[in-house]
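To start, the structure itself, in structure tokens.
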Amino acid sequence: MKVSILGTVARDTILFRRELILKLVDEGHEVFVFCIDYTDETRQLMHNLGCTTIDYSLSRAGLNPFADLAALYILRKLFSKIKPDLVLSCFVKPSIYGSIAARMAGVPRRFAMLEGLGFVFTDLPRGMTVKQKLLRKVQLFLYRIALPSIDKIIFLNRDDPIDLLDKNNLKANRVEVLGGIGVNLELYSYSEPSAGPVRFIFIGRLLAEKGIFEYVDAARKVKVSYPETEFVVLGGLDEANPGGLKKNQLQKLLDDRVIIYPGYVNDVSEWIAGSSVFVLPSYREGVPRSTQEAMAIGRAVITTDAPGCRETVVDGVNGFLVPKFNVDILVDKMTYFIKNPEAVKIMGLESRKVAIDKFDVDKINSKLMRVMGLL
């Protein structure tokens, strides 16, 4: 069977879909992977997995209808040429335009996977901006057009179909909840945390909706009483985003020795292994990959009681759930690990158990392939 996977950024597609591509190829399927930014390196990495790379163009965040219509036309032509038996579109805009194009091209089986609803459906402490309200209206309009073209729409958590479909009176043909994209438990193997000073780690884009400001505010407060505690931040700046941490703010944090910021790193798993507790005070997620990685390595988690985040923590067992936007409670839970360092290992072992049970990529990919009728 010919299977097309419609992604966006090539490196992210390799990271998130590697095991799925390998499984599809191993099952004898011919796999075509669409990305918007292939380089010679990423193309070769894809070819090493046994798939065919296809270039296309789609602005992930743009609002130019002419550019999107051009992308739709090109996708339809590509699907008509390849003649896939099945298309799996991933993320918001590929799910919308890819599914419509696949239907226009006569692709018999069409699936879309939303790994979170994104910024447009994320509550902010200051309320929705005018731009956010406009984007939500546009996106809902596009979903209304696209949903009839999707045989099954796949979500990662149980909140997203309620917030997207039920609350907006949108009708989907069929809905599935996958529960996460999973991680390779061999690549992300258990590592016992060190017995030194507690080190917290945040991984994510340095944006307000990821909880970066709550994290650094909590770090400042904790360091007043426990100056030896360390706070690592892994993630890229996005100064074009109005909700992003700015370069001068980052420099101030570094000058004040509030955080450790190594910049871009290739060895994320080693940084997780070198830390004690994973912290993600995000306002909304699908089911965050970074948290799944930290749990697989055996790290306790502090995250928000928010869609997608709450799927990763049994409160008081493998970590703590805190309210969104609440720095004081975040500080309280961080302080708990400092005062009770034995909890770092105990809760970390529980995280590993949850990862084995819920986030084993082999189990999840088998479920995904059953959902798509490939097993």
Side-chain angles (χ1 to χ4, degrees), residues 180 182-204 210-212 214-216 218-235 253 257-263 265-282 285 287-304 309-322 329-361:
V183 294
N184 186 319
L185 297 176
E186 293 181 4
L187 292 178
Y188 295 90
S189 58
Y190 176 77
S191 170
E192 185 170 320
S194 68
V198 174
R199 173 185 273 196
F200 297 96
I201 185 168
F202 168 99
I203 302 174
K210 295 297 182 182
I212 184 59
E214 286 82 359
Y215 180 78
V216 297
R220 281 192 181 277
K221 291 187 175 184
V222 169
K223 274 190 165 288
V224 171
S225 301
Y226 305 96
E228 73 283 359
T229 307
E230 295 179 337
F231 295 86
V232 175
V233 172
L234 298 185
L253 290 165
R257 298 189 177 183
V258 175
I259 64 170
I260 298 168
Y261 182 71
V265 300
N266 290 312
D267 54 344
V268 173
S269 60
E270 291 182 22
W271 279 91
I272 296 172
S275 300
S276 312
V277 178
F278 179 83
V279 184
L280 185 66
S282 176
E285 298 286 337
V287 175
R289 162 85 182 207
S290 57
T291 312
Q292 295 173 63
E293 292 172 357
M295 292 170 66
I297 290 170
R299 294 300 172 263
V301 174
I302 303 174
T303 193
T304 45
C309 297
R310 63 173 66 103
E311 272 70 21
T312 60
V313 168
V314 180
D315 194 43
V317 177
N318 72 308
F320 296 107
L321 293 174
V322 300
I329 296 180
L330 180 56
V331 168
D332 180 64
K333 298 307 181 186
M334 288 177 169
T335 304
Y336 176 87
F337 286 108
I338 298 169
K339 290 182 174 179
N340 303 275
E342 70 281 359
V344 170
K345 181 177 179 181
I346 293 169
M347 289 191 173
L349 286 168
E350 292 298 325
S351 276
R352 176 69 182 180
K353 291 178 185 177
V354 175
I356 291 170
D357 181 50
K358 293 178 62 176
F359 301 129
D360 181 343
V361 72

Determine the minimum heavy-atom distance between [X] and [Y], stating which atoms define it.
{"X": "F200", "Y": "Y215", "result": "O-OH, 3.2 Å"}
{"X": "R352", "Y": "Y190", "result": "NH1-N, 3.8 Å"}
{"X": "P288", "Y": "E285", "result": "CD-CB, 3.6 Å"}
{"X": "P262", "Y": "L234", "result": "CG-CD2, 3.3 Å"}
{"X": "V198", "Y": "I338", "result": "CG2-CA, 4.1 Å"}
{"X": "V258", "Y": "A219", "result": "CG1-CB, 3.7 Å"}

Can you name the side chain to side chain contact (heavy atoms under 4.5 Å, CB included) partners of [X], sequence neighbours left out?
{"X": "V317", "answer": "V314, E350"}
{"X": "V331", "answer": "A218, K221, V222, V327, T335"}
{"X": "N266", "answer": "Y264"}
{"X": "V361", "answer": "E19, N184, N365"}

Subject >> N/O donor-acceptor pair under 3.5 Å between R299 side chain and S275 backbone >> reply: yes

Distance from [X] atom [atom1] to [Y] atom [atom2], nearest 0.5 Å?
{"X": "E270", "Y": "S191", "atom1": "CD", "atom2": "OG", "answer": "10.0 Å"}
{"X": "N340", "Y": "M347", "atom1": "CG", "atom2": "CE", "answer": "8.5 Å"}
{"X": "M334", "Y": "K223", "atom1": "CE", "atom2": "NZ", "answer": "11.5 Å"}
{"X": "M295", "Y": "N318", "atom1": "CE", "atom2": "CG", "answer": "5.0 Å"}
{"X": "T291", "Y": "I302", "atom1": "OG1", "atom2": "CD1", "answer": "12.0 Å"}

Subject >> Residues forming a ring pair (Phe, Tyr, Trp, His ring centres under 6.0 Å) with Y226, sequence neighbours excluded >> reply: none

**OP:** Check ring pair (Phe, Tyr, Trp, His ring centres under 6.0 Å) between F278 and all other residues, then give those that pass, not counting sequence neighbours.
**Re:**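 So F278 forms no ring pair (Phe, Tyr, Trp, His ring centres under 6.0 Å) with any residue.
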
So do the side chains of [X] and [Y] get within less than 4.5 Å of each other, counting heavy atoms only?
{"X": "V279", "Y": "T303", "value": "no"}
{"X": "V344", "Y": "V277", "value": "yes"}
{"X": "P281", "Y": "F202", "value": "yes"}
{"X": "L187", "Y": "S269", "value": "no"}

Among all residues two or more places apart in sequence or in another chain, which pass the side-chain hydrogen bond (donor to acceptor under 3.5 Å, both in side chains) test with [X]?
{"X": "E214", "value": "Y283"}
{"X": "R257", "value": "none"}
{"X": "D357", "value": "none"}
{"X": "Y188", "value": "E293"}

**OP:** Dump the intermediate steps for side chain to side chain contact (heavy atoms under 4.5 Å, CB included) on T312 and F359, then the final yes or no.
**Re:** CA-CA 9 Å; T312 60; F359 301 129; 4.2 Å; yes

Subject >> Residues Y261, L253; criterion side chain to side chain contact (heavy atoms under 4.5 Å, CB included); working and verdict >> reply: CA-CA 9 Å; Y261 182 71; L253 290 165; over 6 Å; no

Subject >> Sequence neighbours excluded, every pair satisfying salt bridge (Lys or Arg N to Asp or Glu O under 4.0 Å) that has a member inside residues 188-203 >> reply: E192-K345, R199-E230

**OP:** Could you please spell out the steps behind the side chain to side chain contact (heavy atoms under 4.5 Å, CB included) verdict for L280 and T304?
**Re:** CA-CA 7 Å; L280 185 66; T304 45; over 6 Å; no

Original post:
Above 12 or not: heavy atoms from other molecules or residues under 6.0 Å from CD of E228?
Top reply: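 Count over threshold, so yes.
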
